Amino acid sequence: MQPLILTAAITGAATVPTLTPYLPHTPQEIADSAVEAAQAGAGIVHIHARRPEDGAPSAHPDHFREILVSIKERCDAVINITTGGSPTMPVQERAANVGVFAPEMCSFNLGSINFALHPPLKKIKKWRYEWEPEYLEMSKDFVFKNTFYDFEHLCNLVREYNCKPELEIYDVGHLYNLAYLVKEDMLRPPLHLQFVMGVLGGIGTMPEDLTFLHRKACTLFGEDKFTWSICGVGSAQFNLAPVALSLGGHVRVGLEDNIYIKPGQLAKSNAELVEKAKCLASEYNRPLAGPRQVREMLGLKGIDQVSY
Ligand code: KMH
Ligand code: ZN
């Protein structure tokens with residue numbers, strides 16, 4: 001069976017600190033958590049930054065620099081930085097770090113969607129930081145804007161810095177947006193798709209939603225022109241992983257998208273989520289790809305070509 005590329009998404013911007021005491025948010029905590037996830041078996045770590053003082057999403061290069069340098073000093077996992085940042089940031093702000101750090105990989109969101117995060121408002125009465133309830137309330141009106149103008153900006157960046165995009169697909173129309181970019185030679189195969197399923201505003205999390213996206217991608221791009229991975233939000237993180245494992249896809253786990261190790265029980269770390277994915281992978285005879293193998297499989301430029 002094909003080796004498995006396991007990505008750990010360490011902190012993100014959708015989980016707010018009150019939801020779990022285990023969410024890393026200072027640069028040091030984020031870097032430590034990423035290194036532990038890599039030691040547990042993640043070949044890629046997907047990185048967002050937060051303000052150290054209150055855990056609010058941050059695109060500040062100083063926060064990213066501290067994280068990236070600290071990870072690179074301690075392990076050779078592939079670092080994939082977000083260009084999604086948080087839905088409150090314009091694309092110029094959230095993607096600027098590609099130009100600053102020239103990473104091997106970055107995320108690339110393929111369409112505008114509602115990105116609602118408000119459901120926890122009903123349950124939580126006491127918040128750790130003041131910004132959190134306001135951020136979740138505001139999310140009822142968030143449009144995560146990823147237009148063709150934004151795609152042009154990102155295509156120019158990934159081309160200029162030879163950065164492999166993790167192409168984030170939240171719904172079927174996003175595959176058609178991507179097909180247009182490929183037709184116009186703005187992005188070139190082989191593509192690496194990340195099916196992000198279960199955002200309130202995107203496609204749902206039924207197994208047939210995933211097989212549909214996968215079949216559509218085969219039709220649009222050709223089966224041998226792309227690799228793909230599943231990023232299920234919430235309980236879908238582990239419910240959809242077996243579907244991807246059996247179809248030859250790859251898997252992304254982490255506190256960015258899911259805070260539970262099993263129903264009702266908080267995960268204590270990203271490494272714990274990685275360990276669980278590793279057990280599942282072994283059930284499906286999918287050995288984990290180490291960083292060197294990930295670089296080969298995805299055709300990455302190499303850690304010696306980054307600027308941090
Ligand atoms: N947490 C995912 C739902 C990005 O970083 O570009 C969205 C995400 C976006 O990963
Ligand atoms: Zn992300």
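We count ligands from 1, going down the list as the structure has it; atoms in each ligand are counted the same way. These values consider heavy atoms only, across backbone and side chains, with no hydrogens, waters or symmetry-generated copies. Being a predicted model, the structure only gives us computed values, none of them experimental.
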### Task
Give a yes or no on this: more than 12 heavy atoms of other residues, nucleotides or ligands lie within 6.0 Å of atom CG of D141.
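12 or below, so no.
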
### Message
A quick test of your reading: do over 12 heavy atoms of other residues, nucleotides or ligands sit less than 6.0 Å from CZ of F148?
### Response
yes

### Task
Check the pair F195, Y170 against side chain to side chain contact (heavy atoms under 4.5 Å, CB included), reporting the backbone distance first and the verdict last.
CA-CA 6 Å; F195 295 127; Y170 299 76; over 6 Å; no

### Query
Closest heavy-atom contact between S229 and R252?
OG-N, 3.6 Å

### Closest non-hydrogen atom pair, P21 against R128
CA-NH1, 4.4 Å

### Query
How far apart are the C-alpha atoms of K301 and Y161, what are their side-chain angles, what is the distance that settles it, and do they pass the side-chain hydrogen bond (donor to acceptor under 3.5 Å, both in side chains) test?
CA-CA 10 Å; K301 64 182 175 179; Y161 294 97; over 6 Å; no

### Query
Between E256 and H48, is a side-chain hydrogen bond (donor to acceptor under 3.5 Å, both in side chains) present by the stated rule, with each step listed?
CA-CA 9 Å; E256 168 163 345; H48 290 240; 3.1 Å; yes

#### Entry: Tally of protein N, O or S atoms, where distance to the Zn ion (ligand 2) is under 2.8 Å
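The number of such protein atoms is 3.
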
### Task
Could you pull out every protein residue that has a heavy atom closer than 4.0 Å to ligand 1, ordered by chain and then number?
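Lining ligand 1 at under 4.0 Å, by heavy atoms, one finds H46, H48, T82, G84, S107, N109, F115, E168, Y170, V196, V199, R252, E256, D257.
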
### Query
Quick one: does N258's side chain get under 4.5 Å of F238's, heavy atoms only?
yes

### Query
In terms of the angle between their ring planes, are H60 and H63 parallel, tilted or perpendicular, with boundaries placed at 30° and 60°?
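Correct class here is tilted.
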
